[in-house]
Trainee: 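Supplied in structure tokens, the structure appears directly below.
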Amino acid sequence: MLKNISTNKLAYIAGFLDGDGSIYVRMKLNNDYRFGFQISPYIAFFQSNKAKGNFSKICSMIGIGIIRERKDGIMEYTINKQKEILEFLSLVKPFLVLKKKQADLMIEILKKKNNVEDFDDFKQLVDMIELYREINYSQTRKKHKLTP
């Protein structure tokens with residue numbers, strides 16, 4: 001993965017994440033999960049299909065995640081495995097400028113997610129996830145109602 005990438009390339013990838021990327025957590029209703037919600041963390045990069053060749057080079061440099069072409073003419077590269085997200089953020093975070101708060105929050109959320117023991121812990125996790133509403137300027141994200 002990224003461990004063998006030069007500092008310059010890590011800084012470039014961080015800049016690309018700052019400009020054309022996103023760090024976020026989705027919370028979906030799902031009764032198969034212990035507290036009725038599935039928590040899904042993501043890092044995503046976006047680029048027009050017109051830049052497919054260069055975008056593919058950047059994605060292969062990163063070496064994890066999946067790339068897909070959306071129907072709206074956008075290429076999307078997503079990292080969604082927790083271990084890979086933590087490793088990726090630990091390497092690029094020193095170079096982030098605009099998304100440093102999101103990276104810090106994601107790291108805290110993943111640590112908390114792995115240590116949820118009861119409903120109070122889960123509620124604290126949800127409160128942390130809701131902070132993305134403010135950090136990412138999301139107006140469409142709906143607040144989730146929890147019941148023990």
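Please read all numbers here as calculations on a predicted model, not as lab measurements.
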Trainee: Can you check whether Val97's main-chain N or O pairs, donor with acceptor, with Asp18's side chain at less than 3.5 Å?
Mentor: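 The answer is yes, because a donor-acceptor pair under 3.5 Å joins these two groups.
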
Trainee: Can you list the other members of the hydrophobic cluster that holds Phe46, where links are side-chain heavy atoms under 4.5 angstrom apart?
Mentor: Ile74

Trainee: May I ask you to say whether Lys100 pairs ionically with Asp104, meaning some side-chain N is under 4.0 Å from a carboxylate O?
Mentor: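 No salt bridge links Lys100 with Asp104.
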
Trainee: Would you say Tyr12 and Ile5 make side-chain contact, with heavy atoms under 4.5 Å?
Mentor: no

Trainee: Are Leu89 and Leu98 in one and the same hydrophobic cluster, where Ile, Leu, Val, Met, Phe, Trp and Tyr link if side-chain heavy atoms are under 4.5 Å apart?
Mentor: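 Looking at the clustering, Leu98 is in a separate group from Leu89.
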
Trainee: Step by step, work out the side-chain contact (heavy atoms from CB on, under 4.5 Å) result for Ile107 and Lys93.
Mentor: CA-CA 10 Å; Ile107 291 166; Lys93 193 176 96 160; 4.0 Å; yes

Trainee: Kindly compute the distance separating CG (Leu131) from CE (Met128), expressed to the nearest 0.5 Å.
Mentor: 7.5 Å

Trainee: Atom CG in Asn114, atom CG in Leu86: separation rounded to 0.5 Å?
Mentor: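 Those atoms lie 8.0 Å apart.
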
Trainee: State yes or no: do Tyr33 and Val116 share one hydrophobic cluster built from I, L, V, M, F, W and Y residues joined by side-chain heavy-atom distances below 4.5 Å, directly or via other members?
Mentor: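 No.
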
Trainee: Is there side-chain contact between Ile58 and Gln47, with heavy atoms separated by less than 4.5 Å?
Mentor: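 With C-beta onward as the side chain, the pair stays apart.
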
Trainee: For the pair Arg26 (side chain) and Gln38 (backbone), establish whether a donor and an acceptor sit closer than 3.5 Å, ignoring hydrogens and angles.
Mentor: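 No.
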
Trainee: side-chain contact (heavy atoms from CB on, under 4.5 Å), that's the test. Do Lys113 and Val25 meet it? Break it down for me.
Mentor: CA-CA 11 Å; Lys113 184 177 184 276; Val25 180; over 6 Å; no

Trainee: Using the six-membered ring wherever Trp is involved, compare the ring planes of Phe45 and Phe16 and label them parallel, tilted or perpendicular (cut-offs 30° and 60°).
Mentor: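 The rings of Phe45 and Phe16 lie parallel, inter-plane angle below 30°.
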
Trainee: If I compare all heavy atoms of Ile67 with all of Cys59, which pair ends up nearest, and what's the gap?
Mentor: CD1-SG, 3.8 Å

Trainee: Taking it one step at a time, do Ser40 and Asn80 satisfy side-chain contact (heavy atoms from CB on, under 4.5 Å)?
Mentor: CA-CA 7 Å; Ser40 304; Asn80 63 358; over 6 Å; no

Trainee: Any heavy-atom pair between the side chains of Leu110 and Pro41 that's under 4.5 Å?
Mentor: yes

Trainee: How long is the gap from CE on Met61 to NZ on Lys57, to the nearest 0.5 Å?
Mentor: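 Rounded to the nearest 0.5 Å, the CE-NZ separation comes out at 9.5 Å.
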
Trainee: With rounding to the nearest 0.5 Å, note down the distance linking CZ in Phe37 to CG in Asn31.
Mentor: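 Going from CZ on Phe37 over to CG on Asn31, the span is 9.0 Å.
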
Trainee: State which residues pass side-chain contact (heavy atoms from CB on, under 4.5 Å) with Ser90; sequence neighbours excluded, sorted by chain then number.
Mentor: none

Trainee: Would a 4.5 Å heavy-atom cut-off, applied to side chains only, mark Leu91 and Ile13 as touching?
Mentor: no

Trainee: Decide yes or no for Phe35 and Leu125: does some side-chain heavy atom of the first lie under 4.5 Å from some side-chain heavy atom of the second?
Mentor: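 No. Closest side-chain heavy atoms not under 4.5 Å.
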
Trainee: To the nearest 0.5 Å, how far apart are NZ in Lys28 and CG in Asn30?
Mentor: 7.5 Å

Trainee: Examine Ile66 and Ile85 and state if one hydrophobic cluster contains both, with Ile, Leu, Val, Met, Phe, Trp and Tyr joined whenever side-chain heavy atoms are less than 4.5 Å apart.
Mentor: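 No; Ile85 is not reachable from Ile66 via cluster members.
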
Trainee: State, to 0.1 Å, how close Ala103 and Leu96 come at their nearest heavy-atom pair, and which atoms those are.
Mentor: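 Shortest heavy-atom contact: CB-CD1, 3.7 Å.
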
Trainee: Does Gln124 have any side-chain contact (heavy atoms from CB on, under 4.5 Å) partners at least two apart in sequence or in another chain, and if so, which?
Mentor: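 Gln124: side-chain contact (heavy atoms from CB on, under 4.5 Å) contacts with Lys112, Asp121.
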
Trainee: Go through the steps for Tyr132 and Ile23 under the test side-chain contact (heavy atoms from CB on, under 4.5 Å), then give the verdict.
Mentor: CA-CA 9 Å; Tyr132 271 102; Ile23 302 171; 3.6 Å; yes

Trainee: Measuring from Arg34:CZ to Ile39:CD1, what's the distance to the nearest 0.5 Å?
Mentor: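 Spacing of CZ (Arg34) from CD1 (Ile39) equals 12.5 Å.
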
Trainee: Is a side-chain N or O of Ser48 found less than 3.5 angstrom from the main chain of Lys50, in a donor-acceptor match?
Mentor: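 Here the side-chain-to-backbone pair exists.
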
